[in-house]
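Everything below concerns the one structure shown next.
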2 protein chains.
Amino acid sequence: MQDILFGFISKYVSLTDDEKNAILSLDIFRSVKKGTTLLKEGQKTKDSYFVLKGCIRTYYILDSEEKTTAFYTEMEALTPPCVINKTPSEYYISCIEDTILIVSNSDMEVEVNSKFPKFETLCRILSEQLLAKQRIDFDEFKTSSPEQRYLNLIQKRPDLIQRVPQHQLASFLGIKPQSLSRLRARLVDKNKG
Amino acid sequence: MQDILFGFISKYVSLTDDEKNAILSLDIFRSVKKGTTLLKEGQKTKDSYFVLKGCIRTYYILDSEEKTTAFYTEMEALTPPCVINKTPSEYYISCIEDTILIVSNSDMEVEVNSKFPKFETLCRILSEQLLAKQRIDFDEFKTSSPEQRYLNLIQKRPDLIQRVPQHQLASFLGIKPQSLSRLRARLVDKNKG
DNA sequence: TTAAATCGTTCACTTAAGTTAAGAAATGAA
DNA sequence: TTCATTTCTTAACTTAAGTGAACGATTTAA
């Protein structure tokens, strides 16, 4: 589990044993059962998540309807906006599968960053990369139709199609569950000719 | 002009005179005429932009159609994904108005960051905040209709409605120019009753 | 200043998503 | 296992966006 974490980090900065021990002393690993809600609307938190194994999703409840906006799987990190803005959360976070997480607290990060500048560099690089990646995702979403988005998802994150319920995929694609079902039927028709 | 920059920075970190001079010695201010293209598809660049005055936009050309995905106005920063990924740019950047920019180069940033850790902190905080803000924008886009997006834009960035051509706003909202025109007419009807 | 290009609107028509409802299939809990 | 809930699909109908075309209005460039 530690190997996964340090393997990931080593792609961005190289850590000394002291630095690795500093991280490990923080007791950050956590196992969570499928269905567990990690954060609710209205709650305040300082926790960020990094998924080692499993899948979590973020969703809003608007007009008493669930709107799923993101999934985080292996090697993906999530810092909820409410942590940055120091406001109550606007959304929910829950586990779609049994999941192993790294949970870090923003107070903890401030402390570690000031002690080990290398961590600050790591955080900066990760933020910059996530920002660029998310910008591209957003642009692709804006410039495509629901059908194109679905085909794009099959290409880029085929695992999600398998491990996530359709109705959650639908709002992730910006449409209703019935529309996704119809869209899929349409695609099957097209391929038959 | 410098006051605007340092006023902005002071919201996040406090700089010494030495640090301010280090920034100023870099010759980063640049005036650009309306219509100027700052970056083209296929080009490589290491430049990031911060808008002091004016407005720039990013757009793709897909099926020989312009798709505008973002506008950056006063006090907003843009680091193109191609700078982070070290790939040729997928999109164009151009000036909608006569614009005053700060242009920084990623090589320059690496150097400044290593000399002045405070800059690295600044970059980290700004990236984290932009990431959170963009996440919220993306979620709002996903969970609303074109009409809601337009009404939301009127609330949150009323200036854009004035200073940007409609057909560019349309693709920013994820629809065609004709649809935006029709949508606006529909809203006027609704308000008449 | 004039001609050309761009921009915004409108219209008729097509296509696809939203809505409401019903029923079958899969899942989960007692 | 069985019952209840959730999930997925299908269908008919409504609503709104996409498309192609036309026509002023505005802007731009020669």
Side-chain angles (χ1 to χ4, degrees), chain A residues 33-37 55 57 59 61-68 71 92 94-98 141-154 160-192, chain B residues 33-37 55 57 59 61-68 71 92 94-98 141-154 160-192:
Chain A
K33 277 256 166 293
K34 175 178 180 174
T36 308
T37 299
C55 181
R57 74 174 169 125
Y59 62 98
I61 294 184
L62 305 173
D63 301 324
S64 60
E65 258 195 298
E66 263 188 28
K67 304 271 192 173
T68 298
F71 301 102
Y92 296 76
S94 80
C95 295
I96 291 186
E97 305 170 351
D98 290 351
F141 191 94
K142 268 191 186 172
T143 58
S144 24
S145 65
E147 181 173 315
Q148 289 173 317
R149 281 175 215 152
Y150 178 68
L151 293 171
N152 192 34
L153 188 67
I154 292 175
L160 282 189
I161 312 273
Q162 303 309 320
R163 65 207 287 198
V164 168
Q166 304 276 317
H167 69 284
Q168 291 173 10
L169 279 182
S171 46
F172 182 66
L173 294 169
I175 59 177
K176 303 284 168 182
Q178 299 93 317
S179 298
L180 177 54
S181 197
R182 176 171 45 196
L183 186 161
R184 282 160 51 86
R186 204 165 60 220
L187 287 174
V188 170
D189 271 13
K190 275 190 193 171
N191 289 331
K192 278 185 188 164
Chain B
K33 278 254 164 295
K34 175 177 178 172
T36 308
T37 298
C55 181
R57 74 174 170 124
Y59 62 99
I61 295 184
L62 305 173
D63 301 324
S64 61
E65 259 194 296
E66 265 189 26
K67 304 270 190 175
T68 298
F71 301 102
Y92 297 77
S94 81
C95 295
I96 291 187
E97 305 171 352
D98 290 352
F141 192 94
K142 268 191 186 173
T143 58
S144 23
S145 66
E147 181 173 317
Q148 288 173 317
R149 282 175 215 151
Y150 177 69
L151 293 171
N152 192 34
L153 189 67
I154 292 175
L160 282 188
I161 312 271
Q162 303 308 319
R163 65 208 287 197
V164 167
Q166 304 276 318
H167 67 285
Q168 291 174 9
L169 279 183
S171 46
F172 182 65
L173 294 170
I175 58 177
K176 303 283 167 184
Q178 299 95 315
S179 298
L180 178 55
S181 198
R182 176 171 45 194
L183 186 161
R184 283 159 52 87
R186 202 165 61 218
L187 288 174
V188 170
D189 272 12
K190 276 189 193 172
N191 290 331
K192 278 186 185 160

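Naming convention: chains lettered A, B, ... in sequence-line order (proteins, then strands); numbering from 1 in each chain.
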Starting at atom [atom1] of [X], determine the distance to atom [atom2] of [N], rounded to an integer number of angstrom.
{"X": "B:E147", "N": "C:dA17", "atom1": "CD", "atom2": "P", "value": "19 Å"}
{"X": "A:K33", "N": "C:dG28", "atom1": "NZ", "atom2": "P", "value": "13 Å"}
{"X": "B:D189", "N": "C:dC11", "atom1": "CG", "atom2": "P", "value": "11 Å"}
{"X": "A:R163", "N": "D:dT7", "atom1": "CZ", "atom2": "P", "value": "18 Å"}
{"X": "A:L173", "N": "C:dA16", "atom1": "CG", "atom2": "C1'", "value": "15 Å"}
{"X": "A:Q148", "N": "D:dG18", "atom1": "CD", "atom2": "P", "value": "11 Å"}
{"X": "A:K142", "N": "D:dA17", "atom1": "NZ", "atom2": "P", "value": "16 Å"}
{"X": "A:I175", "N": "C:dT15", "atom1": "CD1", "atom2": "C1'", "value": "15 Å"}

**Study point:** Criterion side-chain contact (heavy atoms from CB on, under 4.5 Å) on A:F172 and A:L153, from CA distance to verdict
**Key:** CA-CA 10 Å; A:F172 182 66; A:L153 188 67; 3.7 Å; yes
Study note, to complete from the structure: Per side-chain hydrogen bond (donor to acceptor under 3.5 Å, both in side chains), A:T68 is matched among A:R57, A:Q168, A:H167 by A:R57
Review point. Can you check side-chain contact (heavy atoms from CB on, under 4.5 Å) on B:R182 and B:K176, steps first, answer last?
Key: CA-CA 10 Å; B:R182 176 171 45 194; B:K176 303 283 167 184; over 6 Å; no
Check your understanding: B:Y92 vs B:Y59 aromatic rings, parallel, tilted or perpendicular, using cut-offs 30° and 60°?
Key -> parallel
Revision key, fill the gap. A:H167 has its side chain closest, among D:dA17, D:dC8, C:dA16, to D:dC8
Revision key, fill the gap. Regarding the side chain of B:K176, the nearest nucleotide among D:dG18, C:dA17, C:dG8 is D:dG18
Practice item. Evaluate the side-chain contact (heavy atoms from CB on, under 4.5 Å) criterion for residues B:Y150 and B:I175: first the C-alpha distance (whole Å), next the side-chain angles of each, then the deciding distance (0.1 Å), finally the verdict. Key: CA-CA 10 Å; B:Y150 177 69; B:I175 58 177; over 6 Å; no
Identify each atom pair where a protein N or O and an N or O of nucleotides 9-13 of chain D are less than 3.5 Å apart, giving names and distance.
from: D:dT9; atom 1: OP2; to: A:S181; atom 2: OG; distance (Å): 3.0
from: D:dT9; atom 1: O5'; to: A:S181; atom 2: OG; distance (Å): 3.1

Exercise for review: Begin from the C-alpha positions of B:F71 and B:R163 and carry the test side-chain contact (heavy atoms from CB on, under 4.5 Å) through to its verdict.
Suggested key: CA-CA 11 Å; B:F71 301 102; B:R163 65 208 287 197; over 6 Å; no
Study note, to complete from the structure: Heavy atoms of B:K67 and A:T143 approach each other most closely as CB-CG2, 3.7 Å
Practice item. Could you check B:K34 against B:L183 and say which one's nearest nucleotide on DNA chain D is further toward the 5' end? Key: B:L183
